[in-house]
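The next block holds one structure in the form of structure tokens; read it before the comments.
Numbered from 1 within each chain, the chains take letters A, B, ... in sequence-line order.
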Number of protein chains: 2
Amino acid sequence: MLTVWLNYLVNMENNEHKILEAAKTVFQKKGMTGARMQEIADEAGINKALLHYYYRSKQMLFEAVFFQAFSLIAPKLGAVLNSEIALFDKIKHFTKGYISFAMAHPYVPKFIIQELNQNPDFAEKLVQHNSFPNIDIFKNQIETAVKNGKIRTISPEQLFINIMSLTVFPFIGAPLLKGFTKLNEADYKVLIEERKTMVADFIINAIKK
Amino acid sequence: MLTVWLNYLVNMENNEHKILEAAKTVFQKKGMTGARMQEIADEAGINKALLHYYYRSKQMLFEAVFFQAFSLIAPKLGAVLNSEIALFDKIKHFTKGYISFAMAHPYVPKFIIQELNQNPDFAEKLVQHNSFPNIDIFKNQIETAVKNGKIRTISPEQLFINIMSLTVFPFIGAPLLKGFTKLNEADYKVLIEERKTMVADFIINAIKK
DNA sequence: GTCTATAGCCAGATAGAC
DNA sequence: GTCTATCTGGCTATAGAC
């Protein structure tokens, strides 16, 4: 227990860890191509040469950041999707959990989707990653609910896409949506906060008979 | 009529136009920071110096592409949102119209949202742009429908965000969603095609009493 | 492990001939 | 208007002292 705490303290002053934190900040703000190694070094408060000492190249540092970001959120999503709870409860947990996470880490969703769009081959690496969530159980659950007449007819894939869209897009599209709704940062945040429960209600109303 | 056709032909061979088309292709694929002027020149089949002759700098060429992309879709959205048709019909037109457009121009939504996230000041320029849609009429329409008991209680902003999310996200998040659903390009496209009507049905079910 | 200095390359932009 | 050649700066990456 004490060692955990000590490791934590050590890591805070550990250069390798400081670099990864700085790289996260810069890559998530500027993207792979927009980020500069010098800026990451400055952000970490260390020398540029050390970046290469620890991570060899910009590409490898980037991939470390990318997969760490994904590993931060993916297991949480997978755990909810594969848990043994009723469909409506699962939808509530999933949306609330994701929105809470994204509010705490606002750059992560943007970052993942952005880089995935510019590196199509990254998608393959990601799917094969051990923490990539499997949605088969969730799909079965939806199909069963449709068959049993518990919910309206809808393809499991479409319902899943709808759930993802309603939870993720308000973060990805924030600048655009703020423009449309003419809301400032603070008011937009209030709106997002409301979505922790609103999104699930909306979905459930859409599918329940 | 003849002159229109002649202008079209001339523009096809016009270098200024060829540059803009090539720039669109490269910027939308690689983003502002990832794109290279040389690649745009190659794509246009002309010399790199000509890019600067016509557009002065990379930044200015980029902005020309960006605002042209936005002008391509924004007026269509605005027209639907401000038309005088019933709420449910408007939702049907909007979603079907947007999805049809995005299928024909798959890079445009990604491009706009991506660059908006990396250039926060772009958002302001965009909102002041003459073709930026105003959603006041649409918001009033929703508020009235709520007051008259035609639909469930929902804030106009939240409903608008839901509509945008369900229509736009499947294009922005395509690589991720393909990974989750394990669908290939062709099957995913079929799914998107279904959404031309499915999305509106889903929304209407969610809000109607 | 950590630094300074610099190699080596490539990008955006311009000069100037035609 | 269109080209070739080139400037200038900034970037990733490494060499080498400590």
Side-chain angles (χ1 to χ4, degrees), chain A residues 6-68 111 114-115 118-119 121-122, chain B residues 6-68 111 114-115 118-119 121-122:
Chain A
L6 281 175
N7 269 328
Y8 178 78
L9 266 191
V10 167
N11 276 333
M12 288 295 92
E13 288 160 16
N14 187 332
N15 274 336
E16 188 169 353
H17 183 264
K18 279 201 302 195
I19 290 171
L20 201 63
E21 285 303 305
K24 201 191 295 181
T25 304
V26 177
F27 276 131
Q28 292 188 355
K29 211 182 293 177
K30 306 277 179 82
M32 165 65 187
T33 54
R36 295 292 165 253
M37 294 296 265
Q38 184 61 59
E39 193 178 349
I40 295 172
D42 292 346
E43 176 79 24
I46 53 118
N47 192 278
K48 197 173 55 153
L50 267 192
L51 302 187
H52 290 95
Y53 176 78
Y54 282 111
Y55 291 94
R56 193 76 190 164
S57 70
K58 184 185 183 184
Q59 181 66 27
M60 290 175 87
L61 176 54
F62 175 78
E63 297 197 8
V65 169
F66 184 84
F67 288 107
Q68 203 212 246
F111 178 64
Q114 204 147 278
E115 299 301 329
Q118 264 165 35
N119 285 308
D121 37 324
F122 254 41
Chain B
L6 281 175
N7 269 330
Y8 178 78
L9 267 191
V10 167
N11 275 334
M12 288 295 92
E13 287 160 16
N14 186 334
N15 273 336
E16 188 169 355
H17 183 264
K18 280 201 302 195
I19 291 171
L20 201 64
E21 284 303 305
K24 200 192 295 182
T25 304
V26 177
F27 276 131
Q28 292 188 355
K29 210 182 293 178
K30 306 278 179 80
M32 165 65 186
T33 54
R36 295 291 166 251
M37 293 297 265
Q38 185 60 59
E39 193 178 349
I40 295 173
D42 292 346
E43 177 79 24
I46 52 118
N47 193 279
K48 196 173 57 151
L50 266 192
L51 302 187
H52 291 93
Y53 175 78
Y54 282 110
Y55 291 93
R56 193 76 193 164
S57 70
K58 184 185 183 184
Q59 182 66 28
M60 291 175 86
L61 176 54
F62 175 78
E63 297 197 7
V65 170
F66 184 83
F67 288 107
Q68 202 212 246
F111 177 64
Q114 204 149 275
E115 299 301 328
Q118 265 166 33
N119 284 308
D121 37 324
F122 254 42

Step through it carefully: locate the ring centre of A/F111, locate the ring centre of A/F62, and say whether they are under 6.0 Å apart. yes
Using heavy atoms and a sub-4.0 Å distance, could you list which residues of residues 31-43 of chain B are near DNA chain D? By number, please. none
Between B/M32 and B/E115, is any pair of side-chain heavy atoms under 4.5 Å apart? yes
What's the NZ-P distance between A/K30 and D/dT12, to the nearest Å? 12 Å
Whole Å only: how far is the CZ atom of B/F62 from the P atom of C/dA13? 14 Å
Taken to the nearest whole Å, CE/B/M60 to P/C/dG12 is 16 Å
Can you list, in residue-number order, the parts of residues 51-59 of chain B that come under 4.0 Å of DNA chain D, counting heavy atoms only? B/Y53, B/Y54
Could you walk me through whether B/I40 and B/F27 satisfy the side chain to side chain contact (heavy atoms under 4.5 Å, CB included) test, starting with their C-alpha distance in whole Å, then the side-chain angles of each, then the deciding distance to 0.1 Å, before giving a yes or no? CA-CA 8 Å; B/I40 295 173; B/F27 276 131; 3.9 Å; yes
OP1 or OP2 of D/dT4 versus the side-chain N and O atoms of B/N47: is any pair under 4.0 Å? yes
Once rounded to the nearest 0.5 Å, what's the spacing between atom NZ of A/K58 and atom CZ of A/R36? 5.0 Å
Can you name the closest pair of heavy atoms from A/K30 and A/A35 and give their distance? CB-N, 3.7 Å
Heavy-atom donor-acceptor pair, B/N47 side chain to B/A49 backbone, under 3.5 Å: yes
Using only atom types and a distance under 3.5 Å, with no angle test, would you say the side chain of A/N14 pairs donor to acceptor with the backbone of A/E16? yes
To the nearest angstrom, the NZ-C1' distance between B/K48 and C/dA11 comes to 7 Å
Length of the line joining B/K18:NZ and D/dG1:P, which is rounded to integer Å: 14 Å
Closest approach of A/L20 and A/Q68, non-hydrogen atoms and distance? CD2-OE1, 3.0 Å
Judged by modelled atom types alone, do A/Q59 and A/E63 share a side-chain donor-acceptor pair under 3.5 Å? yes
How many angstroms lie between atom CD of A/E43 and atom CD of A/Q38, to the nearest 0.5 angstrom? 12.5 Å
To the nearest angstrom, the CG-C1' distance between A/L50 and C/dT2 comes to 5 Å
Set out, line by line, the N/O atom pairs under 3.5 Å between protein and nucleotides 15-18 of chain D.
none

Taking only side-chain N and O atoms of A/N15, does any of them lie within less than 4.0 angstrom of OP1 or OP2 on C/dG1? no
SB check A/K24 A/E21 (cutoff 4.0 Å): yes
